[in-house]
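Structure first, commentary second.
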Amino acid sequence: MIELKGSEKLQVLKKAALQVNTGQSALEPVLSWFAQLYEQRIPTSVWIRCQLALAEGFTNAVRHAHEGKRPDLPVEINVVVSAESVEIQIWDSGSPFDLERKIQDMSKTIDPEASGGRGLKLMKDIADSLSYTRTADGRNCLSIVKNYTPIPETDDEDDILQLPDELLG
């Protein structure tokens with residue numbers, strides 16, 4: 001069980017961690033690794049949004065937090081898939097920034113023709129909870145939590161044609 005802030009204890013379905021070196025070429029293996037964590041009870045539209053948030057968060061860590069740093073500097077990713085939520089944590093070793101302020105500033109200056117610059121706003125729109133904290137060891141953690149209503153599992157008995165009682169005799 002895991003306890004998320006402001007929630008009751010949720011059943012953990014899958015929990016995984018990945019550490020990759022800084023580099024845009026690592027995005028494909030990150031997304032491939034993430035795809036293995038999919039659970040059928042998660043609506044596809046929710047899972048695709050989580051993939052997008054992960055891609056944006058990872059890309060931001062590589063492009064901005066680790067810009068100009070040594071290429072073997074790791075980005076760590078932790079994912080917890082619970083019965084009603086997906087939590088993604090992306091850890092980097094870059095300089096900290098004020099997430100809320102950056103999102104507010106971006107909202108005023110977003111260029112619709114620009115090829116980038118919308119990732120934080122997109123993650124904010126996708127996530128039910130988005131936070132960014134600096135830890136005592138000098139690392140940053142971007143936490144993305146997306147809640148979902150599970151797709152009910154089908155029972156084999158539900159798939160069998162049920163005859164009315166009067167026909168069962």
Side-chain angles (χ1 to χ4, degrees), residues 2-7 10 12-39 42-82 84-112 114-148:
I2 186 168
E3 190 169 343
L4 299 174
K5 295 176 201 169
S7 70
L10 298 174
V12 173
L13 304 174
K14 291 184 179 174
K15 187 175 184 177
L18 177 69
Q19 189 172 336
V20 295
N21 290 339
T22 296
Q24 290 296 329
S25 62
L27 180 59
E28 187 175 324
V30 165
L31 292 177
S32 178
W33 166 81
F34 184 70
Q36 296 173 36
L37 301 174
Y38 177 69
E39 283 285 322
I42 302 172
T44 304
S45 62
V46 169
W47 189 252
I48 290 169
R49 287 181 179 94
C50 290
Q51 283 180 314
L52 180 56
L54 171 60
E56 289 293 338
F58 176 77
T59 301
N60 282 351
V62 169
R63 283 188 186 160
H64 303 293
H66 288 186
E67 181 181 28
K69 299 194 182 292
R70 63 182 209 272
D72 64 339
L73 189 62
V75 174
E76 186 177 324
I77 302 166
N78 298 316
V79 175
V80 176
V81 178
S82 299
E84 295 179 357
S85 69
V86 177
E87 181 176 7
I88 302 167
Q89 293 180 335
I90 303 169
W91 294 84
D92 67 62
S93 299
S95 299
F97 73 102
D98 184 337
L99 175 69
E100 289 302 321
R101 184 177 206 173
K102 185 75 171 168
I103 290 171
Q104 287 175 354
D105 291 347
M106 286 175 53
S107 296
K108 299 172 192 170
T109 62
I110 290 180
D111 177 2
S115 62
R118 293 180 287 276
L120 290 177
K121 175 91 171 71
L122 188 59
M123 285 186 282
K124 178 81 171 171
D125 291 345
I126 289 171
D128 291 303
S129 170
L130 182 69
S131 64
Y132 183 82
T133 55
R134 179 80 165 182
T135 60
D137 65 355
R139 297 188 315 151
N140 306 302
C141 179
L142 175 68
S143 176
I144 305 161
V145 178
K146 181 66 180 165
N147 300 320
Y148 66 91

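The residues of the chain are indexed from 1 along the displayed sequence. Note that this is a predicted model, so its numbers are computed, not measured.
Side-chain N or O atoms of Lys124 include none that pairs as donor or acceptor with a backbone N or O of Leu130 at under 3.5 Å. Between the Thr22 side chain and the Leu73 main chain, a donor and an acceptor come within less than 3.5 Å of each other.
By the 4.5 Å heavy-atom criterion applied to side chains, Thr133 and Ser143 are not counted as neighbours. Side-chain contact between Leu31 and Leu54 is present, with at least one heavy-atom pair separated by less than 4.5 Å. When side chains are defined from C-beta on, Phe34 does not count as touching Ile77, because their heavy atoms never get closer than 4.5 Å. For the pair Tyr38 and Val86, the minimum side-chain heavy-atom distance is 4.5 Å or more. Side-chain contact between Leu142 and Met123 is present, with heavy atoms from C-beta onward closer than 4.5 Å.
Of the inter-residue distances, the one linking Ser82 atom OG with Leu13 atom CG reads 6.5 Å to the nearest 0.5 angstrom. Note: Ile42 CD1 to Arg49 CZ = 13.5 Å, rounded to the nearest 0.5 Å. From Ser32, atom OG reaches atom CD of Gln36 across 5.5 Å, with rounding to the nearest 0.5 Å.
Ring-plane geometry between Phe97 and Tyr132 is classed as tilted, the angle between the planes lying from 30 to 60 degrees on a 0 to 90 degree scale.
Of all heavy-atom pairs spanning Gln19 and Pro74, the tightest one is NE2-CB, 3.1 Å. Minimum heavy-atom separation, Glu87 to Gln89: OE2-NE2, 3.5 Å. Taking all atoms of both residues into account, the shortest heavy-atom contact from Gly94 to Asn140 is O-ND2, 2.8 Å. Here the closest heavy-atom approach between residue Leu37 and residue Ala16 is recorded as CD2-CB, 3.8 Å. Minimum interatomic distance between Ala127 and Ile144 (heavy atoms only, all atoms of both residues): CB-CG2, 3.8 Å. Contact detail for Ala55 and Leu27: the closest heavy-atom pair is CA-CD1, 3.9 Å.
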Checking Thr135 against Trp91 for the side-chain contact (heavy atoms from CB on, under 4.5 Å) test, could you report, in this order, the C-alpha distance in whole Å, the side-chain angles of both residues, the deciding distance, and whether it holds? CA-CA 10 Å; Thr135 60; Trp91 294 84; 3.4 Å; yes
Checking Val145 against Asn147 for the side-chain contact (heavy atoms from CB on, under 4.5 Å) test, could you report, in this order, the C-alpha distance in whole Å, the side-chain angles of both residues, the deciding distance, and whether it holds? CA-CA 7 Å; Val145 178; Asn147 300 320; 3.9 Å; yes
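Checking Lys69, His66, Glu76, His64 one by one against Asp92, the side-chain contact (heavy atoms from CB on, under 4.5 Å) holds for a single residue, His66.
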